[in-house]
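This report refers to the structure that appears directly beneath it.
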Amino acid sequence: MNDLIFSDSFINGEFYQTNSRFSVDDPATEQSIVDVSDIDEQGVKNAITAAKGAFVKLKATNATERSDTLMRWYELVIKHKQTLATLMTKEQGKPLKESLGEIDYGAGFIKWFAEQAKRSYGDVIPATDNSHRLTSFKQPIGVVAGITPWNFPVAMVTRKVAPAYAAGCSFILKPSEHTPLCAIALAYLADQAGFVKGAFNVLVSQNAKDVGKMLTDSEVVRKFTFTGSTGVGKQLLSQCASTIKRTSMELGGNAPFIIFDNADIDDAIDGLMAAKFRNSGQACVAANRIFIQRNILNDVLEKITPKVAALKVANGFDENADIGPLIYPKAKEKVQQLIKDALDKGATLIGDNSNLGGSFQNPLIVTNVTTQMDIYHEEVFGPVLTVIPFDEESEVLALANDVPYGLAAYFYSQNIKQIYRISEGLEFGMVGVNEGVISNPVAPFGGVKQSGLGREGGHQGLDEYLEEKYVCIKV
Ligand code: ADP
């Protein structure tokens with residue numbers, strides 16, 4: 001158990017094995033790390049029963065106990081930081097330094113919600129006559145089911161499970177079939193920390209559709225939380241309609257990154273490098289459309305081109321790696337298709353697009369991008385920086401907003417009036433001003449429009465797992 005690699009689902013505090021198995025592969029070497037059990041129907045039913053039983057036990061706990069348990073989980077995650085980060089780089093591919101960063105970030109949600117567990121305050125409402133007392137207080141929703149993606153295999157799990165446990169909800173998680181190992185390790189550590197048995201179950205499956213359907217159809221499951229693509233989110237949202245579940249959806253983005261001509265260009269370039277190339281560009285908040293004011297375009301390109309060329313593409317365990325492999329070969333094919341479409345329609349390529357083999361993709365810049373190109377409308381999810389020149393502030397604001405998504409947006413400006421105008425004008429759930437990395441456990445993360453529903457992190461993140469109860473007492 002020293003490497004925290006487990007190969008089975010985790011239900012009611014125990015490993016659950018099946019005969020059907022599938023391989024979890026290292027995207028850098030394309031070698032199998034381990035064969036994991038594929039959950040069967042009975043396993044899903046067991047998890048629902050376990051979570052239902054755990055919810056009853058959780059009702060008998062108080063906020064301080066849950067807070068203490070979460071704090072022990074946090075400490076265990078930090079204690080095993082190196083092991084978990086190694087596991088993450090193995091199954092996800094990101095450079096080890098980024099995996100270590102994600103463990104800190106992911107653990108940060110556990111610590112934050114350990115603190116917030118004690119703060120689910122209600123209201124005392126001034127009565128409208130002398131014979132009544134009106135109060136409202138918060139109670140856990142009940143059994144929660146969640147589905148998470150492969151791009152942040154630890155943080156996407158902790159920012160759902162920690163607030164759920166803080167609120168007093170039990171959880172059934174179906175992690176991505178590409179990165180289930182981090183999720184099982186987290187559940188194992190939560191159990192070691194003293195989680196109520198059955199309060200954190202992990203279902204390992206390569207049949208997301210059927211497992212998802214069983215969870216969304218279940219009347220026991222009262223809340224559904226999903227992070228992933230908008231298409232799958234829409235499908236799950238409609239499935240949740242039959243039982244009127246509470247839902248949280250963290251879906252796709254198409255983040256604009258605007259550099260105005262009064263910006264500190266060196267700062268903007270540093271921010272852009274982080275917002276674009278972290279996790280090889282595989283983040284829903286990754287800068288996707290880079291708008292640069294035309295009179296500084298050449299200056300920015302001259303400065304950023306050598307920085308992009310200097311990024312080292314390598315196995316995430318190479319200590320100099322900046323860009324690991326994409327998650328699987330199909331992801332690279334999609335990036336190549338987007339580049340081809342853009343070049344066919346008149347864009348210009350800067351950089352070396354020769355095939356590096358496997359899922360490795362060289363970082364590139366594509367300039368002269370227009371709204372006619374697929375790369376403008378779709379999330380690239382790869383290390384390709386797409387540049388769209390603009391002239392006027394009003395023009396760029398309209399372009400930035402003219403997409404069905406509204407997750408993260410970034411801009412660089414030193415003009416205080418412009419900072420207010422643009423911050424208020426951007427139709428996005430999160431805005432980075434002179435900053436390219438904005439995610440933080442203490443702040444509300446989430447999108448508007450087709451980027452989703454609800455917020456994770458911040459004090460808002462706890463409310464996602466709580467119902468408000470109004471009590472009217474006649475005295
Ligand atoms: P990506 O394309 O980035 O993998 P997805 O939205 O396809 O994003 O995947 C995110 C999560 O959703 C993963 O855990 C995946 O297994 C799961 N998933 C994919 N399709 C479905 C579906 N039809 N029903 C339920 N879950 C799904």
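We count ligands from 1, going down the list as the structure has it; atoms in each ligand are counted the same way. Keep in mind that what you see is a predicted model, and the values were worked out from it rather than measured.
The aromatic ring centroids of Y412 and F257 lie less than 6.0 Å from each other. No close placement of the F171 and Y165 rings is indicated, their centers lying 6.0 Å or farther apart.
For ligand 1, the atoms sitting less than 4.0 Å from at least one non-hydrogen atom of I147 are 11 (C), 12 (O), 14 (O), 17 (C), 25 (C), 26 (N), numbered in the order shown with element in parentheses. Listed by number with element, the atoms of ligand 1 under 4.0 Å from a non-hydrogen atom of E177 are 15 (C), 16 (O). Less than 4.0 angstrom separates some heavy atom of L236 from each of these atoms of ligand 1: 24 (N), 25 (C).
For atom 2 (O) of ligand 1, the closest non-hydrogen atom on the protein side is Y328 OH, 4.2 Å. Looking at atom 3 (O) of ligand 1, its nearest protein heavy atom turns out to be W150 NE1, 3.3 Å. Atom 14 (O) of ligand 1 has T148 O, 2.7 Å as its closest protein atom, hydrogens excluded (heavy atom only). If you check which protein heavy atom lies closest to atom 18 (N) of ligand 1, you get A208 CB, 3.5 Å.
Under the side chain to side chain donor-acceptor pair (under 3.5 Å) test applied with E102, the options K94, K97, R278 reduce to a single match, K94. Checked options D8, D40, D35; the residue passing with R21 is D8 (criterion: salt bridge (charged side-chain N to carboxylate O under 4.0 Å, His left out)).
Within a 4.0 Å radius of atom 9 (O) of ligand 1, the protein contributes no non-hydrogen atoms.
Around atom 23 (N) of ligand 1, the closest heavy atom drawn from H178, Q206, K209 belongs to K209. Scanning L251, N151, V232 for the heavy atom closest to atom 20 (N) of ligand 1 points to V232.
One distance of note links CG of L272 with NZ of K307; it measures 11.0 Å at 0.5 Å rounding.
Between T227 and ligand 1, no pair of N/O atoms sits closer than 3.5 Å. On a distance-only criterion, S229 and ligand 1 share at least one N/O pair closer than 3.5 Å.
When side chains are defined from C-beta on, R289 counts as touching N254, because their heavy atoms get closer than 4.5 Å.
In this structure, R159 forms a cation-pi arrangement with F445, its terminal cationic atom sitting closer than 6.0 Å to the ring centre and no more than 45° off the ring axis.
Looking only at distances, no side-chain donor or acceptor of N362 sits under 3.5 Å from a matching main-chain atom of N353.
Within the 4.0 Å heavy-atom shell around ligand 1 one does not find Q239. Ligand 1 is approached by F226 to a heavy-atom distance shorter than 4.0 Å.
For K52, the NZ atom counts as loosely surrounded, since its 6.0 Å shell holds 12 or fewer non-hydrogen atoms of other residues, nucleotides or ligands.
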